[in-house]
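As structure tokens, the structure follows; a few thoughts come after it.
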Amino acid sequence: MSHHDWIAILDFGSQYSQLIARRVREQNVYCEILRHDTTAEALRARAPKGVILSGGPASVLQPAAPDCDPDLFALGVPILGICYGMQLMAHRLDGRVAPGVQREYGRTRISITHPEPLFIDVPSELPVWMSHGDQVQTLPSGFITVASTSSCPHTAIADPARHFYGIQFHPEVAHTVQGRDILRRFLFDVCACSGDWTMRQFIEESIQTIRDRVAEDHVLCGLSGGVDSSIAAALLHRAIGDQLHCVFVDNGLLRHGEAEQVERTFGESFGMNLTVAHAQDLFLDRLAGVIDPEQKRKIIGNTFIEVFTEEARKVGPMRFLAQGTLYPDVIESISPIGGPSVTIKSHHNVGGLPADLKFELIEPLRELFKDEVRALGRELGVPDIIVDRQPFPGPGLAVRILGEVNRDRVQLLQQADLRVQQEIEKLENYADIWQAFAVLLPIQTVGVMGDERTYENVAAVRAVQSLDGMTADWFRLPYDTLGAISNRIINEVRGINRVVYDISSKPPATIEWE
């Protein structure tokens with residue numbers, strides 16, 4: 001896609017690289033995370049307005065430390081080195097890097113001596129977030145010191161003539177109070193970005209790109225009702241209308257009312273070509289008597305592919321298959337430094353399709369982060385109930401029903417989960433919860449209802465906060481909310497007489513129970 005202004009972020013293995021990208025995009029400037037060894041030639045061909053060198057866990061003094069193309073510094077574009085990126089720049093440009101007298105980790109105060117251009121309107125004493133052992137000892141020629149701390153004389157350096165800047169702290173993390181302003185100065189004052197990368201512009205460009213690529217052909221899209229596939233479908237539909245064919249497989253394991261909601265939204269409101277495969281019985285029959293979570297996942301995955309394939313054949317031959325792949329998946333797969341390669345969840349990526357169904361992939365969201373996808377959904381008129389939907393596992397409620405999955409237990413969990421959703425939606429900080437749901441446990445406990453002794457099921461409630469699902473902390477739900485959830489489940493859902501709250505974090509626990 002042709003982006004007018006863009007910034008290249010070279011990734012040296014920092015845990016913060018995605019955060020840098022998010023901070024740049026918040027300023028309406030498009031950016032991409034690239035491998036640290038991307039050649040200057042490849043960059044020159046795409047003409048970025050500037051380059052940011054990320055931090056990283058290595059030391060530039062190690063023999064196998066990740067390096068950059070030395071010609072990078074002859075590109076003639078501004079460069080900002082952050083932490084490792086700053087040390088690499090100094091190291092490459094005849095400066096000297098050595099282990100610091102004392103390592104600096106966490107909050108530190110820096111003193112700014114030359115505010116131009118990154119530190120304009122920033123207090124001369126600034127709290128920042130540090131994380132480094134090495135430091136620049138001798139500046140490369142042409143550089144001046146811009147800021148220092150008591151133990152690190154060159155905390156920020158600059159070569160104003162070539163527009164090269166190095167900062168030893170992390171402006172992208174929230175702990176660096178003025179970090180956003182510093183990045184903003186680099187993007188607008190130094191790189192002269194226009195800041196016009198908006199969702200509206202993204203939609204216009206995407207529609208053109210999709211139309212050019214699809215031409216007269218047709219696109220098949222597996223709609224799960226989740227945020228990504230729903231918004232990918234809405235964008236494709238805006239671009240190619242009836243050339244898009246959506247298939248929604250109702251596996252009978254969705255939350256209360258969800259299947260109807262998908263049908264209503266996309267079939268009726270958007271007027272899409274939508275095929276709904278009502279396959280609840282097939283899925284539940286195959287799951288009968290199965291207890292092992294891995295086996296459940298396999299059965300559901302295989303059955304999904306079988307049903308999806310059958311529907312795809314009915315719709316007729318298609319050239320393209322649409323997927324809701326997001327940018328973090330793409331980044332993982334190019335992760336430079338022995339990083340994790342991506343294994344897209346089998347549910348998102350209809351991976352096991354038979355050989356005669358050959359598709360070219362179309363991934364209209366592959367440049368976007370999750371919050372950008374949500375903004376895109378709003379711009380496209382997708383209802384909030386779908387845009388703000390919490391992540392939901394591919395196998396659905398099957399991995400939240402411990403033990404056997406059958407029709408009665410699915411209905412029991414749907415009813416309990418509905419009460420959880422209704423109560424947490426009343427919270428003012430509802431948006432801070434990544435996921436909240438009920439789990440049905442395979443144990444029964446004694447209770448009393450009226451004067452009678454009951455022997456019924458236990459429901460566990462789980463609520464977590466997370467940025468990306470990789471790590472998660474249990475959410476401190478107010479006692480009143482917990483009380484209301486418990487009362488409602490026990491009083492309104494026949495078959496559950498005890499409610500417990502899960503207070504484990506990930507790791508070591510996972511978000512889902514199975």
Side-chain angles (χ1 to χ4, degrees), residues 1-2 199-251 254 257-279 304-326 347-351 353-368 372-387 389:
M1 200 176 286
S2 67
M199 276 307 133
R200 184 159 300 163
Q201 191 201 338
F202 177 83
I203 291 170
E204 283 170 23
E205 291 183 3
S206 298
I207 287 174
Q208 201 46 58
T209 309
I210 292 165
R211 284 179 184 160
D212 291 346
R213 187 167 168 213
V214 173
E216 303 297 306
D217 286 300
H218 286 246
V219 178
L220 179 68
C221 175
L223 197 54
S224 68
V227 177
D228 308 339
S229 72
S230 298
I231 292 171
L235 181 58
L236 285 159
H237 184 251
R238 168 94 46 112
I240 57 171
D242 286 346
Q243 289 166 263
L244 175 70
H245 304 263
C246 292
V247 172
F248 172 60
V249 176
D250 182 0
N251 56 14
L254 298 168
E258 223 154 39
E260 297 75 17
Q261 182 201 320
V262 169
E263 223 169 319
R264 242 190 345 264
T265 302
F266 296 101
E268 293 166 30
S269 311
F270 276 87
M272 290 185 189
N273 279 332
L274 176 63
T275 305
V276 180
H278 297 286
F304 173 80
I305 283 172
E306 194 179 307
V307 174
F308 187 81
T309 301
E310 198 179 317
E311 295 303 332
R313 290 215 168 97
K314 282 186 207 160
V315 179
M318 305 243 168
R319 182 167 161 204
F320 294 101
L321 177 69
Q323 278 187 190
T325 312
L326 301 194
H347 181 71
H348 285 183
N349 173 2
V350 188
L353 288 172
D356 64 313
L357 284 179
K358 281 201 174 59
F359 294 104
E360 287 177 44
L361 277 189
I362 194 159
E363 298 173 310
L365 310 180
R366 62 178 285 123
E367 299 183 344
L368 303 183
E372 294 171 324
V373 171
R374 291 199 158 108
L376 171 66
R378 289 199 176 85
E379 191 77 37
L380 288 166
V382 178
D384 286 352
I385 191 159
I386 289 179
V387 170
R389 188 171 180 241

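Not measured: the values here are computed from a predicted model.
Minimum heavy-atom separation, Leu368 to Glu372: CA-OE1, 3.5 Å. For Phe248 against Ser224, the heavy-atom pair with the smallest separation is CE1-O, 3.8 Å. The minimum heavy-atom distance between Val387 and Arg374, with the atom names listed, is O-NE, 2.7 Å. In plain terms, the two heavy atoms of Ile231 and Gly377 that are nearest each other are CD1-CA, 3.7 Å. Annotation for Val262 and Leu274: closest pair O-CD2, 4.2 Å, computed over non-hydrogen atoms. Closest approach of Leu244 and Ala233 over heavy atoms only: CD2-O, 3.4 Å.
Taking 4.5 Å as the limit, every side-chain heavy atom of Glu379 sits out of range of all side-chain heavy atoms of Phe202. Contact of the Phe320 side chain with the Arg213 side chain is registered, since non-hydrogen atoms from C-beta on lie closer than 4.5 Å. Counting only heavy atoms from C-beta outward, the side chains of Pro364 and Ser206 never approach each other to under 4.5 Å. The shortest side-chain heavy-atom distance between Arg378 and Asp384 falls under the 4.5 Å cut-off. Residues Phe359 and Leu361 are not in side-chain contact: their nearest non-hydrogen atoms beyond the backbone lie 4.5 Å or more apart. The shortest side-chain heavy-atom distance between Val219 and Ile210 does not fall under the 4.5 Å cut-off.
Annotation: the span from Ile386 atom CD1 to Phe266 atom CZ amounts to 4.0 Å, rounded to 0.5 Å. To the nearest 0.5 Å, atoms CD1 (Ile207) and CG (Asp212) are separated by 12.0 Å. Leu380 contributes atom CG, which lies 4.0 Å from atom CD1 of Ile203 (distance to the nearest 0.5 angstrom). From Leu376, atom CG reaches atom CG of Leu365 across 6.5 Å, with rounding to the nearest 0.5 Å. Atom-to-atom distance recorded for Phe308:CZ and Arg313:CZ is 12.0 Å, nearest 0.5 angstrom. Atom OG1 of Thr325 sits about 8.5 Å away from atom CG of Asp228, to the nearest 0.5 Å.
Note on residues 230-243: no pairs pass side-chain hydrogen bond (donor to acceptor under 3.5 Å, both in side chains), not counting sequence neighbours. Evaluation of the side-chain hydrogen bond (donor to acceptor under 3.5 Å, both in side chains) test over residues 258-270, restricted to residues two or more places apart or in two chains, returns Arg255-Glu258, Glu258-Arg389.
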Full working for side-chain contact (heavy atoms from CB on, under 4.5 Å) between Val249 and Glu310:
CA-CA 11 Å; Val249 176; Glu310 198 179 317; over 6 Å; no

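Counting heavy atoms of neighbouring residues, nucleotides and ligands inside a 6.0 Å radius, atom CZ of Arg200 does not exceed 12 of them.
Under the 4.0 Å criterion applied to side-chain N and carboxylate O atoms, Glu311 and Lys314 are assigned as salt-bridge partners.
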